[in-house]
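First the structure, in the form of structure tokens, and then the observations on it.
Note that this is a predicted model, so its numbers are computed, not measured.
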Amino acid sequence: MKNLELAAQFDRIASLLEVLSESPFKIRAYRRIARTLLELPEPIEDVAREGRLREIPGVGDAIAGKIEEYLSTGRIGLLERLKQQIPEGVLELMAIPGIGARTARLLYEQLGVASLAELEAAARAGRIRQLKGMGQRSEAAILEGIQQWHRQAGLHPMPYVLGPAEALAAAVQKLPGVARVDLAGAVRRAEEMAEQAELVVAAADVAGATGAIRVQLGAEALLQPGPWPGTLRVSGPVAGGVTAEVLVVPPEAYAAALFFRTGPARHVEQVSERLADRGWRWEGLRLVSSLEPEREGASVRDPSRAPASEPDMYRLAGLPWIPPELRWGEDEVERAARGELPPRLVEVSDIVGDLHTHTVASDGVATPEEMVEGARASGLRYLAVTDHSPSLTIARGLTVERLRAHRQHLRALSERTGFPLLTGAEVDIRPDGTLDYPDDVLASLDWVVASIHSHFRLDEAAQTRRLLAACEHPAVKVLGHPTGRLLGRREGYPVDLEAVLDRAAETGTAVEINASPDRLDLSARWARRARALGVRIVVSTDAHSPAQLGFLRYGVLTARHAGLAPDDLLNTRPLEELIQSVKPHR
DNA sequence: GCCGTTTTCGGCCCGACTGTTTTCAGTCG
């Protein structure tokens with residue numbers, strides 16, 4: 001399936017055209033097809049083979065030709081020509097906040113800067129402030145942006161690693177001689193950022209299986225000895241600029257290897273300390289009893305054993321199995337020993353309704369009808385349609401008049417299809433804390449998500465006041481993406497979240513775990529805090545298309561990392577119960 | 001670039017903020 005790589009090609013074309021100041025509409029056409037390809041539910045090769053390319057919205061003669069060109073030759077001539085005009089490294093510069101296409105071009109043409117390293121050198125040498133339209137503040141902002149970039153370098157938002165990791169695991173599972181495969185590392189723990197896709201594989205013939213995996217990973221794959229005798233490690237690039245690292249071990253070493261590779265280090269230490277207390281020490285991937293065999297009674301106990309499974313190993317440490325999402329390396333081992341872990345973490349199938357979605361009425365790409373169809377196909381039992389409010393002009397936020405018509409349309413649709421729809425809005429919280437619709441309009445809606453989309457640079461006191469005011473408003477059911485962060489790209493706005501969560505608890509306002517792969521907002525840490533404070537929590541996708549309803553799993557993984565059980569979330573409940581349990585209009 | 005109950009050309013989402021300016025270009029959402 002070439003959808004992802006083709007999308008990346010079109011994105012690069014769009015960016016290069018942007019640097020060259022081409023028509024914004026042409027650029028948008030390439031961006032659009034890139035986005036469409038990411039969400040296309042079938043391989044683009046199949047669509048091309050069946051002559052259906054032109055049926056894809058946004059594909060005309062020119063783009064259809066380029067898709068076919070790429071599928072047959074592996075290249076797009078236009079992109080090759082553009083790269084001769086502007087080195088691709090110039091596109092790196094646009095990862096720094098404040099540097100857009102025009103500034104990137106200026107930096108390249110005036111200073112010859114074509115990489116982040118060269119940009120940093122130019123900024124340190126004070127050469128950027130000499131450019132027209134740039135000054136000392138711009139130069140300082142660029143240096144700060146580069147520092148920020150370095151801190152994030154090599155890290156990807158977890159959802160962008162999870163997909164390639166699972167695809168690789170599925171492919172590896174089919175290879176001859178492979179007995180078992182699991183994800184490990186930060187992705188298995190549902191951390192929000194991950195460096196790479198880590199897999200652990202069990203195979204009786206370690207060398208043979210490793211060879212097959214190396215072939216699977218392609219020409220650039222690198223084979224190395226593993227960290228334990230008799231194990232091998234192979235790493236190489238997978239989709240989306242992500243690197244995979246696969247550890248291959250003999251079947252009897254699998255459980256221990258999976259435990260070590262899942263980590264984090266502090267958790268492994270804590271469990272190993274408890275094993276030591278019970279007379280076990282690690283010798284490679286085997287546990288060896290340090291107790292005298294005769295004190296155990298003759299031939300009762302094998303002095304050396306490999307744990308048969310992770311639960312078996314935790315049992316030897318006197319612990320229940322600790323789900324990987326709860327392995328923070330903090331107090332989870334103590335809590336497990338005291339029997340304080342949640343009996344069951346929430347699962348995707350527990351979520352019965354999505355409470356934050358968009359349609360073509362604002363900036364979504366699907367009609368309400370298509371969203372309902374998608375929701376049904378995903379097994380949801382209700383949906384809140386929450387298009388944007390008017391001040392978010394770029395998203396075609398709905399005026400009061402358009403909202404009224406939209407609401408009628410949704411109600412009719414719900415009646416016609418028998419699918420329960422909450423007619424709602426994602427309403428902007430203005431800088432002064434007031435909301436972007438009049439109170440009577442808000443009161444007429446079934447579901448109001450209040451979010452901040454503008455004025456990110458107000459100070460902490462002002463941002464906190466905005467969110468506190470939103471909590472106080474009787475119509476606001478939930479705070480959307482409460483910190484406003486974009487993973488790896490933008491810190492959240494400054495806010496006293498503790499105070500906001502306190503007020504949310506007092507007023508019965510829920511907070512959202514926004515499942516968008518670029519947000520995961522609230523974070524697991526804050527979601528855990530929200531639960532401790534008694535705040536109601538929902539997991540929502542913020543879907544702008546039916547395919548994005550599938551983001552739900554990222555939100556659920558974050559909820560699991562936060563230790564949330566089904567009962568901790570509002571949208572695990574049937575619609576009637578949800579309505580009764582949210583804060584009433586006052 | 002695409003698209004058409006506006007149908008083969010002329011539209012296609014816009015407004016605010018920032019740093020550099022002295023009237024604005026570039027970036028961002």
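- Taking atom C1' on both nucleotides, dC13(B) is separated from dC28(B) by 14 Å, rounded to a whole Å.
- In this structure, CG of D61(A) is placed 12 Å from C1' of dT8(B), rounded to the nearest angstrom.
- R489(A) comes within 4.0 angstrom of no nucleic acid atom, judged by non-hydrogen atoms across all strands.
- Because its NZ or CZ atom is not both nearer than 6.0 Å to the ring centre of F419(A) and within 45° of the ring axis, R376(A) does not count as a cation-pi partner of that residue.
- P57(A) comes within contact range of the sugar-phosphate backbone alone, with a heavy-atom separation under 4.0 Å but no base atom that close.
- Atoms CD1 (I76(A)) and P (dG1(B)) sit 11 Å apart, rounded to a whole Å.
- Under the salt bridge (charged side-chain N to carboxylate O under 4.0 Å, His left out) criterion, K26(A) pairs with E22(A), sequence neighbours left out.
- Taking atom CZ of residue R35(A) and atom P of nucleotide dC2(B), one finds them 18 Å apart after rounding to whole Å.
- dC12(B) and dG1(B) make up a base pair, with Watson-Crick or G-U wobble contacts both under 3.5 Å.
- The salt bridge (charged side-chain N to carboxylate O under 4.0 Å, His left out) test applied to R137(A) returns no partner, not counting sequence neighbours.
- Here the shortest heavy-atom pairing between G353(A) and L380(A) reads N-CD2, 3.9 Å.
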Where protein sits on nucleotides 12-20 of chain B, one letter per nucleotide: B base, S sugar-phosphate only, - none, heavy atoms under 4.0 Å: BBBSSSSSS
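- Residue I27(A) is classed as having no contact, given no heavy-atom separation below 4.0 Å to the nucleic acid.
- For residues 143-159 of chain A, the pairs satisfying salt bridge (Lys or Arg N to Asp or Glu O under 4.0 Å) are E144(A)-R151(A), with sequence neighbours left out.
- Rounded to whole Å, atom P of dC2(B) lies 13 Å from atom CG of L37(A).
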If you look only at distance, which donor and acceptor atoms sit under 3.5 Å apart when one is on a side chain in residues 47-58 of chain A and the other is two or more places apart or in another chain?
unit_1	atom_1	unit_2	atom_2	d
R49(A)	NH2	D46(A)	OD1	2.8
E50(A)	OE1	R52(A)	NE	3.0
E50(A)	OE1	R52(A)	NH2	2.7
R52(A)	NH1	E42(A)	OE2	3.3
R52(A)	NH2	E42(A)	OE1	3.2
R54(A)	NE	V59(A)	O	3.2
R54(A)	NH1	D61(A)	OD1	2.4

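- The distance between atom NZ of K66(A) and atom C1' of dC2(B), rounded to the nearest whole Å, is 12 Å.
- Evaluation of the salt bridge (Lys or Arg N to Asp or Glu O under 4.0 Å) test over residues 412-426 of chain A, restricted to residues two or more places apart or in two chains, returns E369(A)-R416(A).
- A sub-4.0 Å separation between OP1 or OP2 of dC2(B) and a side-chain N or O of R54(A) is absent.
- Of the residues in residues 102-115 of chain A, those placing a heavy atom less than 4.0 Å from an atom of DNA chain B are R102(A), T103(A), in numerical order.
- Nucleotide dG29(B) holds its P atom 7 Å from the CG atom of L486(A), rounded to whole Å.
- For residues 384-406 of chain A, the set of pairs meeting the salt bridge (Lys or Arg N to Asp or Glu O under 4.0 Å) definition, not counting sequence neighbours, is empty.
- A distance of about 13 Å separates the P atoms of dG26(B) and dT21(B), rounded to the whole Å.
- Put simply, NE2 on H453(A) is 23 Å from P on dT27(B), counting in whole angstrom units.
- Distance check on atom P: dC12(B) versus dT18(B) gives 29 Å, rounded to whole Å.
- By the side-chain hydrogen bond (donor to acceptor under 3.5 Å, both in side chains) test, E506(A) pairs with no residue at all, sequence neighbours left out.
- At a threshold of 4.0 angstrom between heavy atoms, the contacts of A141(A) with the nucleic acid are absent.
- The aromatic rings of H453(A) and H481(A) sit perpendicular to each other, their planes meeting at more than 60°, with 30° as the lower class boundary.
- Taking atom C1' in both dA25(B) and dT20(B), one finds a spacing of 9 Å when rounded to whole Å.
- Rounded to whole Å, atom C1' of dG1(B) lies 16 Å from atom CG of L53(A).
- Rounded to the nearest Å, the gap between the C1' atom of dC3(B) and that of dT8(B) is 10 Å.
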